[in-house]
Amino acid sequence: MPELPEVETIVRQLRPRLTGRTVQRAEVRWKRTVSRPSAQQFCAGLAGRRIEALRRRGKFFVFDLDDGRALVGHLRMTGRLFVGRAPDEAFARVVFDLDGGERLVFSDVRKFGRLALVERAEQATGAIGPEPLELDGGWLHAALRARRRRLKPLLLDQTFLAGLGNIYVDESLHRARLHPLRASDRVTRPQAEALAGSIRDTLARAIAAEGSSFDVFYRTPEGQPGAFQDEFAVYGRGGKACRSCGATIRRLVVGQRGTHVCPKCQPAPRHAR
DNA sequence: CAAGACTCCTGACGGC
DNA sequence: TGCCGTCAGGAGTCTT
């Protein structure tokens, strides 16, 4: 599942290849992939537009266009972006013909991914929380205490913090030695500092590794897998030994999400919400 | 306000 | 071998 590090990697790789390019034509092959406006208006609005800049906001990628509007997209589970040929043409949902004869393909097996053409990027991203790469421990402490939520679902909530998904929440909580069921309003200041640090550090290391690829769904636009899955401490490691203490990693379900914890490093809270 | 259920999708996987 | 049920999961919506 592409999360912040994967989207960041994709944007970094696409930036030199797409900046300054013009979209000559857009073709929508699966209408629901375009969330707004209509597929027809989406194509008409993009024709002839030059891509001025590429950036990321949370898990969204944003292409700023020369008319002031923005093409905003979310990969959700299985969305992928390719310049040139898509490995499997059957999953190409939206195809952009660029100047110079190249093309950009939005491919998506499960069809959850979305693209939008909007006046301002915020219209597509909604009011999401701050970026976590420079997360401040003091801010996080205050924000956690202002809510009464379990830590994991709160960290997954994009309106609270933008960019974390199932993998990096589990990894960050383990590194901070906090249990996912811990009540957010019972996190101490030092624990919040540790959590902020582990989130920043986990994301930075994942970006350095160009993201995580443990199934066929995430590849960089260059077609390469990421390498961060080799550094997972808990995610997908249920039944295996914790690398820091040797205890057996457990898999539980929190908020309908597969969740991985080390019972020794992350003791269950007395006051779980 | 918090949390659970349900929905959208399809490939992968376990069971027989 | 092959069919079938179940599951995973980001985020929005609805219900409790």
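Side-chain atoms are counted along with the backbone in the values below, which use heavy atoms only and exclude waters and symmetry mates.
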Self-check item: Length of the line joining A:Arg149:CZ and B:dA3:C1', which is rounded to integer Å
Solution: 8 Å

Quiz prompt | First of A:Leu164 and A:Arg251 reached from the 5' end of DNA chain C, by closest nucleotide | solution = A:Arg251

Quiz item: To the nearest Å, how far apart are A:Leu181 CG and B:dA3 C1'?
Solution: 12 Å

Self-check item: Side chains of A:Leu14 and A:Val83 in contact at under 4.5 Å (non-hydrogen atoms)
Solution: yes

Exercise. Looking at every strand, decide which applies to A:Arg32 at a 4.0 Å heavy-atom threshold: base, sugar-phosphate, or nothing.
Key: sugar-phosphate

Quiz item: Between A:Lys59 and C:dG10, does any side-chain N or O lie under 4.0 Å from OP1 or OP2?
Solution: no

Exercise. Check whether the aromatic ring of A:Phe112 stacks on the base of C:dG10, taking stacking as ring centres less than 5.5 Å apart and planes within 30° of each other.
Key: yes

Quiz item: Between C:dA11, B:dT10, C:dG9, which one does the side chain of A:Met77 approach most closely?
Solution: C:dG9

Quiz item: Should the pair A:Phe60 and A:His74 be assigned to parallel (<30°), tilted (30 to 60°) or perpendicular (>60°) ring geometry?
Solution: perpendicular

Self-check item: Atom-to-atom span, CZ of A:Phe160 to C1' of B:dA2 - whole angstrom
Solution: 14 Å

Quiz item: Which part of the nucleic acid, if any, lies within reach of A:Arg148 when heavy atoms closer than 4.0 Å are counted: base, sugar-phosphate only, or nothing?
Solution: sugar-phosphate

Quiz item: Are A:Gln158 and C:dA11 close enough that a side-chain N or O sits under 4.0 Å from OP1 or OP2?
Solution: yes

Exercise. Give a yes-or-no answer on whether the side chains of A:Glu122 and A:Thr125 include a donor-acceptor pair shorter than 3.5 Å.
Key: no

Quiz item: Looking at A:Arg50, A:Arg69, A:Arg55, which one forms a side-chain hydrogen bond (donor to acceptor under 3.5 Å, both in side chains) with A:Asp64?
Solution: A:Arg55

Self-check item: Interatomic distance where CG belongs to A:Asp108 and P belongs to B:dC9 [whole Å]
Solution: 10 Å

Quiz prompt | Axis bend over the full length of the helix from B:dA2-C:dT16 to B:dC16-C:dG2, computed from five pairs that close each end, to 10 degrees | solution = 50°

Quiz item: Can a donor-acceptor pair be found between the side chains of A:Arg36 and A:Gln41 at a distance below 3.5 Å?
Solution: no

Quiz item: Roughly how many Å is it from CG in A:Asp157 to C1' in B:dA3, rounded to a whole number?
Solution: 12 Å

Quiz item: For the side chain of A:Gln256, counting heavy atoms from C-beta on, which of B:dT10, B:dA3, B:dC6 is nearest?
Solution: B:dC6

Self-check item: Closest listed nucleotide, where the reference is the side chain of A:Asn166 and the choices are C:dG9, B:dG11, C:dA11
Solution: C:dG9

Quiz prompt | Interatomic distance, A:Arg29 CZ vs B:dC9 P [rounded to whole Å] | solution = 19 Å

Quiz item: Can a side chain N or O of A:Arg147 be found less than 4.0 Å away from OP1 or OP2 on B:dC1?
Solution: no

Self-check item: Pair A:Glu193 + A:Arg189: basic N to acidic O under 4.0 Å
Solution: yes

Quiz prompt | Spacing between A:Leu115 atom CG and C:dG10 atom P, to the nearest angstrom | solution = 19 Å

Practice problem: In whole angstrom, give the distance that lies between atom CG of A:Leu252 and atom P of B:dG4. | Solution: 12 Å

Quiz item: Can a salt bridge be assigned to the pair A:Arg93 and A:Asp108 using a cut-off of 4.0 Å between side-chain N and carboxylate O?
Solution: no

Quiz item: Are A:Arg110 and C:dA11 close enough that a side-chain N or O sits under 4.0 Å from OP1 or OP2?
Solution: no

Exercise. Would you indicate what A:Tyr235 reaches in the nucleic acid, counting non-hydrogen atoms under 4.0 angstrom: base, sugar-phosphate, or nothing?
Key: sugar-phosphate

Quiz item: Between A:Arg149 and A:Asp157, does at least one N-O distance fall below 4.0 Å, as a salt bridge requires?
Solution: yes

Practice problem: Ignoring hydrogens and angles, answer whether the base of C:dG10 and the side-chain atoms of A:Arg257 contain a donor-acceptor pair closer than 3.5 Å. | Solution: yes

Quiz item: Would you say C:dG10 has OP1 or OP2 under 4.0 Å from some side-chain N or O of A:His74?
Solution: no

